[in-house]
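Let me begin by presenting the structure, written as structure tokens, before commenting on it.
Every chain is numbered from 1 and lettered A, B, ... according to where its sequence line falls, protein lines coming before strand lines.
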Number of protein chains: 2
Amino acid sequence: MADESLPPWNPYDPDCPTRMMLDRIGDKWTVLVLGLLSAGPLRFNALRRQVPGISQKMLSQTLKDMERDGLVDRSAFATVPVTVEYTITPLGQSLAATVAQLVTWATRHADQVLAARARYQSR
Amino acid sequence: MADESLPPWNPYDPDCPTRMMLDRIGDKWTVLVLGLLSAGPLRFNALRRQVPGISQKMLSQTLKDMERDGLVDRSAFATVPVTVEYTITPLGQSLAATVAQLVTWATRHADQVLAARARYQSR
DNA sequence: CGGGATCCGATCTGATACTG
DNA sequence: CAGTATCAGATCGGATCCCG
């Protein structure tokens, strides 16, 4: 009677790919950076300006992690001073598209969540 | 001259519904609990057993947050000892379905991410 | 310009102990 | 059984300083 077919997901161990990606998109900045880069390549400080509130440290770290996971490509040009451009990869694009669905859900159901909170509070 | 049409998403302020939900699914346990409850109601300790590694504190806190946001319903029965059952709401189901897409993405692209990591490391 | 290194406070999490 | 309270450790994130 239990589902013999593979369960909806099984990320009960931290090394599972599901947990891996949830952790990534759950961090404070990855989704924001991904969204900006999905519209076109950007340089470090351009990104920094377009993500209000991010620190160099976090932007740097976020980009490094995303590059590590194959979501963005980093290309440095030996100009003076150096120019670095970040480009989203096809893999990153496909993730961005998937995350967009979640954003759509959040946008569409935000009122219900807020209503639930109001109900909960006045309980 | 800025984009008049609404951008892909604009969660640049932390109060935005997008950030709100990303933070929720980004936490360590919500997705796991949501997945289990999407298959049917469960009691507190049953959930605890089926989510290996979770502490009472985190399960309790996760469930409270989910109830607060209208993702689950909590019903207590005055048996001895008390019985409490958690049930997923329609809102929670719809979120679970959306998250499942992300899980599908993660499952399908995990090899690419791991390959990217291997490439990055041996660089 | 594009970062790295370091310090420090805030937050998150888990282990433990206790309760109705 | 289903939690709450408290404490300690780990992690996160930001500010600052420095470098090629």
Considering heavy-atom distances to DNA chain C, does A/Gln61 or A/Val82 have its closest nucleotide positioned more toward the 5' end? A/Val82
Mind checking the OG-CZ spacing from B/Ser94 to A/Arg108? Nearest 0.5 Å is all I need. 9.5 Å
Is the charged tip of A/Arg117 near the ring of A/Tyr120: under 6.0 Å from the six-membered ring centre and within 45° of its axis? no
Output for pair (B/Leu32 CG, B/Ile25 CD1), nearest 0.5 Å, gives 11.5 Å
Whole-Å distance between C/dG3 P and A/Leu47 CG? 10 Å
From D/dA2, C/dG14, C/dG2, nucleotide with atom closest to A/Arg43 side chain: C/dG2
Give the rounded distance in Å between these two atoms: NZ of B/Lys28 and P of D/dT11. 9 Å
Does a donor on one side chain and an acceptor on the other come within less than 3.5 Å for B/Asp65 and B/Thr62? no
Give me the ring orientation class for A/His109 and A/Trp105: parallel if the planes are under 30° apart, tilted from 30 to 60°, perpendicular past 60°. tilted
Could you work out which one of C/dG14, C/dG3, C/dG4 sits closest to the side chain of A/Val84? C/dG3
Rounded to the Å, how far apart are B/Met58 CE and C/dA15 P? 12 Å
Grab the CZ-C1' distance between A/Phe77 and C/dG3 for me, whole Å please. 17 Å
Which of these nucleotides, C/dG2, C/dG4, D/dT4, is closest to any side-chain atom of A/Ser60? C/dG4
Any idea which of C/dG3, C/dG4, D/dA2 is nearest the A/Lys64 side chain? C/dG4
May I have the distance from B/Lys57 (atom NZ) to C/dA17 (atom C1'), rounded to whole angstrom? 13 Å
Identify which nucleotide among C/dC1, C/dG14, D/dT4 has an atom closest to any side-chain atom of A/Pro81, counting heavy atoms from C-beta outward. C/dC1
Between D/dC12 (P) and B/Asp23 (CG): distance, integer Å: 14 Å
Across the strands shown, which category fits B/Tyr86 at heavy-atom distances under 4.0 angstrom: base, sugar-phosphate, nothing? sugar-phosphate
Once you round it to whole Å, what is the distance between P of C/dA15 and CD of B/Gln56? 9 Å
Length of the line joining A/Arg24:CZ and D/dC12:C1', which is rounded to integer Å: 14 Å
Just call it for B/Arg74: base, sugar-phosphate, or nothing, with non-hydrogen atoms closer than 4.0 Å on any strand. sugar-phosphate
